[in-house]
Amino acid sequence: MTETKVDKKPGFDHTLVDAKWQAQWERDQTYATPTDRTKPKYYILDMFPYPSGDGLHVGHPKGYTATDVVARAKRMMGFNVLRVMGWDSFGLPAERRAERTGEHPSVITERNIGIFKKQLQRLGLSYDWSRELATSDPRFYKWTQWIFRMMFERDLAFRAEMPVNFCPALGTVLSNEEVHEGKYVETGDPVERRLMHQWVLKITQYADKLLDDLDGLDWPSGTMTKQRDWIGRSVGANVKFGVVGSDEKITVFTTRPDTLFGGTWVVLAPEHPLVDAITTPEQRAAVAVYREEVGKRSERERTMEAADAPKTGVPTGAFAVNPVNGAHIPIWIADYVLASYGTGAVFACPAGDERDHAFATKFGLPIVEVVTGSPDVQKEPFTGDGPHVNSGFLDGLRNEEAKTKVIAWLAERGLGEASIRYKLRDWLFSRQRYWGEPFPLIQRQDGSFEAVPEGQLPIVLPQIDEYRPTRDGKPPLARAEAWLKATDAAGQPATRETNTMPQWAGSCWYYLRFLSPQRDDVAWDPEEEKYWMPVDLYVGGNEHAVLHLLYARFWHKVLHDAGLVSTKEPFPRLFHQGMVHKTSYRSAAGKYFHAHEVEQRDGQWVVKETGEPVETKLDKMSKSRYNVVNPDDLCAEYGADAVRLYELFMGPLEDGVEWDTKGVPGTRRFLDRVWRLLVDPETDALSGKVGDLGGDNRELERTLHAAIKKVTAAVADLRFNTAISEMMVFVNVATPAAAIPRPWFEAFVKILAPFAPHVAEEIWQRLGHTTSITAEPWPAFDEAKLARDVLHIGVQVSGKLRAQIEVPSDATEQAILTAAKAADGVQPFLAGKAIKREIYIKGRLVNLVV
RNA sequence: GCGAAUGUGGCGGAAUUGGUAGACGCGCUGGAUUCAGGUUCCAGUGGGUAACACCGUGGGGGUUCGAGUCCCCCCAUUCGCACCA
C-alpha cells in the first residue's frame, strides 16, 4: 500500500504502537517463563508448525491467537505460564527442494524458520522465545535418538521383514496411519505393498492403555472416537475348526461365538497358508484362478470397493467340522476376508452378519436362524440381541450369556478360548529419506544390531552430495561412505543404520523438551517436569486426531513406564481450532487464479482476461491454490491487534470459516473507538472524558461487569467471539457517555489487553502507569452490578408477542401483570375475552392465555 | 453403505439451554461534519404493509400457554470410516 496517510487520524497509529511495544517486551523480557515456584502453573501449547517455504497465512494465527489470549489472561490471573513455540522442522518439502536446488535442507529450513518467526512476532504473540526449539537441531534430536535408544533397549523397537506401504514417488515406506485409500495422505501419491526390512515400534503393546486412558481426557469427542476406532479393540474368541479327512485345524477369530450354531461355512483369506493343503484336486484349478485374480488387484482396489462390493469367492472342496455341533460345512476362500486381520479365517453365520448374508444369498448357502428378533433371516440378517434358538445348549440365552457359556464350553474341550484383537498395527518407524533423525544403531558383521552408546549421541546427519536414494535402492545416507563406518561394542567393524526416523518422531516428545531446552546434559530436568507437566491446554488442528496425538501418547506412556515422566497422559485437555478457508478459482485445465483475476458474469465465474470459466471451491489456503491471505499485509494496514481480534471474532474457534478480509476494518474501528474514549485524536492529548466523574452511569457499569464476566468465561471455555461482542457493547455505551470513571475504564483496558496487547499497553501508559499491563491483576466482576434497574418485559397474548412494558426491577408480579393487561398493544387482543391463564416468567415475559 | 456434525437476515454469526429470534460485526440506506473523497458521529436495516394484520430459524408433522431449542419423518451440505469377522 503506497497511499499517503490521511491527515486526520481517526485513532491510534498502529505502526508506531506495534513496533514500540514489541521492542519494549523484548527489551524487558516480558514473556520470559517465571522461575519462582510459588504460583500455580499453566502450560499452554500450540501444535508446532512445519516451517514450509510458503510462510504463514491467516489460518495459522487463529489457534495461536486463541492460546495467546488464554496465556495472557492466565498470567494476569496469577499463574506462572509456560508459553512456547518451536519448529517441526524435519520433513519432506525441504528435502525435495534440496533435491531440486542442491541447497542443504538445513539451510532451507533455517531460512523458512526465520520467515515464520518474524511473522509470528509481528502479531505480538507472547512466546518465551528463549525456549525456541527445532526438531532438526542436533541439540534436539540427540534426545529423540536417546528415547529411541531406550525403546530399543526395552525391546519396543525391532526390525522385521514385512509387507509395508511403499510410495514409489517418494521412494520411501510409510506407516499405516499415513496411508488412506491407497494414497499418501499428504500428497496423494499412490502407495503399494512391498515386502521389506523395516524398523517397527511396538505400539500394539500399549493398545489397551492407549484405549483405556482416553476415558479421563477432556478432548473433543470426535477425536476420542477416532482414536478408539483406530485402535479397534474387538473382544471375542479364537475357535478351532477341524478339517474333514485331515489333521489340519483352522483357527478363526470371532466376536460372535454365540452364533456358532448358525455357522454354515468357513472362509479363508485367499492368502491363508492352509489353502494349498486342504484344496481338493477338483477345485485346485478354480482356486488357483481366483487367487490369481485377487493377487492382480491391488490392495487399494480391494479396499476402495469396500462394503457394498459384490461378494466373490470359490469353494476349496474341503469341509470343516463345526466344533459345537459336529456339522460338516464347506470351506471357501473369498477376498472379503483379510489375511492381515485376526487369523485370516472366519466362520460365516449369515443369519447374524451382513457380509455373510450377502455371500449366502449370492452362492445359495444355507441360512440358519440362531438369534430371534428378525421377521425373516432368509431375507435380512439380524445383528441385535435376543434369545438364541437352534443352538443346542445355548437355546434361550441372550447374546452375552451365550458368549460366556460357549467360550467356557470350547475352552473345556480345547476347541477355543477368549481372545482380544486390535485393528491397530505396530508402527512402521523407518523412512528411506535424508532429512530425518538418523537411528542410533549400528549393524554388526553378523547382521545383528546394537545401539550406539549414549555418550556418542547425537549421531549427526552427514553431509552428502545428493539427497536421493542410491542406484541400488539404498537410502540416501548410504551415500555417506565415511560416516557409515563404525565400530561395535566388541571392537569389530560395523555399519551405521541408513534409514531415518519419520517426521512424527520429534513431535512425539517436543512438549517435554520445552521444559529445559538449554540443557545438553538431560532431555529435560525432572524437577521442571514435575512442576510443568501435564500440558494444561493443547490446541491444534483435528488433522492430527489419530497420527500425532496417538504417537505422542504412545511415547509418553513408554516414558512413563520408564519412570521419566510423572503423568500417564501428556495432554489432558485438547482443543481443535477450525480451519480457515478461502475460495479458490480453478479452470478446467487445472490452473488456479487469484481472486482479482476472476469475476462473476451471469452467475458464472470466469477469468477476466479470457472469459474462461473457472470452478470455485472453498479450499484450504495454500500458495499453489493462489488463495493465501498474508497476515503481514493485514498487520501493516490495520495493526496486529485488529488482526488478532478479527481472528477470534469471525466465529466460534472450533468452526471452520471462510476468511473475509472485509471484517478486519470492523475490529480496527472498535479499537479506534476505545482509543478515542481516552485520547483526543486532534491533539493526541487526553480528552479528559476518563476521570473522576460518571459513577452514576448504571448502564455503563452494568455493561462493564457483563464484559468482564463474559471475557473471564471465554478464557475458560475458549469462546471468544461473543466475549469480543460484549466488549464492543461496553464501548458502544461508553462512547456517548459524558464521562467515564477511571477505574471502570482501567478494568476494561485490562480485559482487552489479552486480545489487543499493543494498544492496551499504549493506553495503559497514557493513563500514567509505568509498568506493563501484562502484570496487572485480572479484574473481578460483581454479579450484583449485572442487574438492570428497569426490566423490559415482553407481553404475549396466547403465545404471541403483543407489547413490551418497562417496569422497575423491584416490581411485584401482581403489579407487572396489571401493567401487562393495561399495555397498549395488548388491549385489542383481550377485548371481550376471558383470560384463562396468566403466566409470568421472572424478569422476562408475561403470557396472557385467552 | 455406516457414523457424526451442521442448516438462523444480503454476509460472519448471537440467543441466559423451553420464555421478547436476529446481540455484536460486515454490508447497505438516509442525515450531519467535509470543497471533495475518506474518516467520524447520528438514525435505520428479517420479509411484508401507507400503517396494521400477517409471515419468518432447511421442509413436513407433533408435544406445550409458549419451540431456533424437545420428539417423529424427510431434504441438503460437510466431515470421518469404509468388508476388521
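Both backbone and side-chain heavy atoms feed into the values below; hydrogens, waters and symmetry mates do not. Throughout, protein chains are lettered first and strands after them, A, B, ... in sequence-line order, and every chain is numbered starting at 1.
Going from atom CZ of A:Phe730 over to atom C1' of B:rC24 covers 16 Å, rounded to whole Å. Rounded to a whole Å, the NE2 atom of A:His180 is 8 Å from the C1' atom of B:rG80. The nearest whole Å value for the distance from the CG atom in A:Leu671 to the P atom in B:rG25 is 13 Å.
Across all strands, A:Pro736 comes closer than 4.0 Å to no nucleic acid atom at all (heavy-atom distances). Within the nucleic acid shown, A:Gly232 has no heavy atom closer than 4.0 Å to any nucleic acid atom. Looking at heavy-atom distances under 4.0 Å, A:Asn732 makes contact with sugar-phosphate atoms alone, never a base. When heavy atoms are screened at a 4.0 angstrom cut-off, A:Arg669 is found touching the sugar-phosphate backbone but no base atom.
Only the P atoms considered, B:rG30 is 15 Å distant from B:rU39, to the nearest whole Å. Taking atom C1' on both nucleotides, B:rG12 is separated from B:rC28 by 16 Å, rounded to a whole Å. When the P atom is compared between B:rC72 and B:rU6, the two are found 15 Å apart, to the nearest whole Å. Using atom C1' as the reference point in both B:rC52 and B:rC74, the two lie 37 Å apart (nearest Å). Between B:rA43 and B:rG37, the two P atoms lie 22 Å apart (nearest whole Å). Going from the P atom of B:rC24 to that of B:rA15 covers 13 Å, rounded to whole Å. B:rA5 and B:rA50 have their P atoms separated by 46 Å, with the value rounded to a whole Å.
Looking at residues two or more places apart in sequence or on another chain, you find no salt bridge (charged side-chain N to carboxylate O under 4.0 Å, His left out) involving A:Asp229.
With a cut-off of 3.5 Å on both Watson-Crick or G-U wobble distances, the partner of B:rC11 is given as B:rG25. Judged by Watson-Crick or G-U wobble contacts below 3.5 Å, the nucleotide B:rA36 has no partner.
The aromatic rings of A:Trp332 and A:Phe363 lie tilted to each other, with the angle between the two planes from 30° to 60°. Note on ring orientation: taking the six-membered ring where Trp is involved, the planes of A:Trp675 and A:Phe12 are tilted (angle from 30° to 60°).
Residues A:Glu637 and A:Arg668 are not paired through a salt bridge, judged by the lack of any N-O separation under 4.0 Å between the basic side chain and the carboxylate.
Residue A:Arg673 places at least one side-chain N or O closer than 4.0 Å to OP1 or OP2 of B:rC41.
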